[in-house]
Amino acid sequence: MFLTPEKQSYHLPPPRCSSFPQWVTVHKPDPLNAFLHPTGYFIHDTLDIIFNHQSRSSWEYLVHHAMAISAFVSLIVTGRFLVAAVLLLLVEVSNIFLTVRMLLKMSNVPSLALYEANKYINLVMYFAFRLAPQAYLTWYFLRYVEVQGQGAFLTANLLLLDAMIVMYFSRLLRSDFFPSLRKGSAGRDVDGEKFLID
């Protein structure tokens, strides 16, 4: 769980083509660089929400992004808890089916069978790639990680994300599986498409 990457270099044998230099030095990629892209995505999306004046309607999104940015920056700076970060990135797999769901609802596709199939796939993917990894990480952090410094900060982040993921999951269930429970929510985005796709 505690990984401090070391940059290593090695030499490749010279290529047969004479236009290349005799020796090419290649550096192994730093695993921390893998988290620059998702951090950049969250920063870009946050700025997009703010600059397009969507902050009031997307405040949950902004809270989620702020937690993700702070956690990834913490991981990049310290180089600790990289395995936890990789598990957290698994949630992006379920975004594929959440996006398909949103597109199907927006386009009013006449194929109800396609929406129904995606609904069940979406449920399985949400559990497998959001709920299960999040539950495991929360259990691991509460049981094994020190409750001070970065460990305490990341544990607090995980607990807040747990609450948000459960809330999003309940919205998804109400919208797709228990539509009768949606009463009294007129005018509000109970389906949570905007909030489910992150």
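It should be emphasised that the depicted structure is a prediction, and the values quoted were computed from it without experimental measurement. Starting from 1, each residue takes its place in the sequence as its number.
A donor-acceptor pair under 3.5 Å is formed between the side chain of Ser70 and the backbone N or O of Met67. Checking side-chain atoms of Thr78 against main-chain N and O of Ser74 turns up a donor-acceptor pair under 3.5 Å.
There is no path of hydrophobic side-chain contacts, each under 4.5 Å, that joins Leu114 to Val124. Both Phe153 and Val145 are members of a single hydrophobic cluster when ILVMFWY side chains are connected at heavy-atom separations under 4.5 Å.
In summary, the aromatic rings of Phe141 and Phe81 are positioned with their centroids under 6.0 Å apart.
Applying the side chain to side chain donor-acceptor pair (under 3.5 Å) rule to Ser94 yields the partners Arg130; only residues at least two apart in sequence or on another chain are considered.
If you take CZ on Arg56 and CG on Leu62, they are separated by 12.5 Å, rounding to the nearest 0.5 Å. Note that the CE atom of Met125 and the CG atom of Leu98 stand 11.0 Å from one another [nearest 0.5 Å]. Within the model, atoms CZ of Phe97 and CZ of Phe129 stand 8.0 Å from one another, a figure rounded to the nearest 0.5 Å. Here the straight-line distance linking atom NE2 of His64 with atom CG of Asp45 works out to 10.5 Å at 0.5 Å rounding. In this structure, CZ in Phe51 is found 10.0 Å from NE2 in His44, a value given to the nearest 0.5 Å. One finds the CG atom of Leu142 at 6.0 Å from the OG1 atom of Thr155 (value rounded to the nearest 0.5 Å).
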For this session: Step by step, work out the side chain to side chain contact (heavy atoms under 4.5 Å, CB included) result for Leu123 and Phe169.
Result: CA-CA 9 Å; Leu123 185 67; Phe169 188 60; 3.6 Å; yes

Exercise. Is there a side chain to side chain contact (heavy atoms under 4.5 Å, CB included) between Leu172 and Arg101 once you walk through the steps?
Worked result: CA-CA 10 Å; Leu172 181 68; Arg101 174 187 181 271; 3.5 Å; yes

For this session: Please test Leu75 against Leu154 for side chain to side chain contact (heavy atoms under 4.5 Å, CB included), starting from the C-alpha separation and ending with a verdict.
Result: CA-CA 9 Å; Leu75 295 164; Leu154 292 175; 4.2 Å; yes

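In this pair, Trp139 and Tyr144 present their aromatic rings perpendicular. The plane angle is above 60°, beyond the 30 to 60° band. Aromatic ring orientation, His65 versus Phe42: perpendicular (interplanar angle above 60°, classes split at 30° and 60°).
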Table please: side-chain donor-acceptor pairs of residues 158-166 below 3.5 Å, with sequence neighbours left out.
| unit_1 | atom_1 | unit_2 | atom_2 | d |
| --- | --- | --- | --- | --- |
| Asp162 | OD1 | Gln134 | NE2 | 2.9 |
| Asp162 | OD1 | Thr138 | OG1 | 3.1 |
| Asp162 | OD2 | Thr138 | OG1 | 2.7 |

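Closest of all the heavy-atom pairs between Ile76 and Phe35 is CD1-O, 3.7 Å. Of all the heavy atoms in Pro133 and Leu87, the pair that sits closest is CB-O, 4.1 Å. The two residues Ile69 and Thr39 make their nearest non-hydrogen contact at CG1-O, 4.5 Å.
When side chains are defined from C-beta on, Asp48 does not count as touching Gln54, because their heavy atoms never get closer than 4.5 Å.
Both the sub-6.0 Å distance and the 45° axial angle are not jointly satisfied by Lys105 relative to the ring of Tyr115.
Between the side chains of Asn118 and Asn122, no donor-acceptor pair is found at a separation under 3.5 Å.
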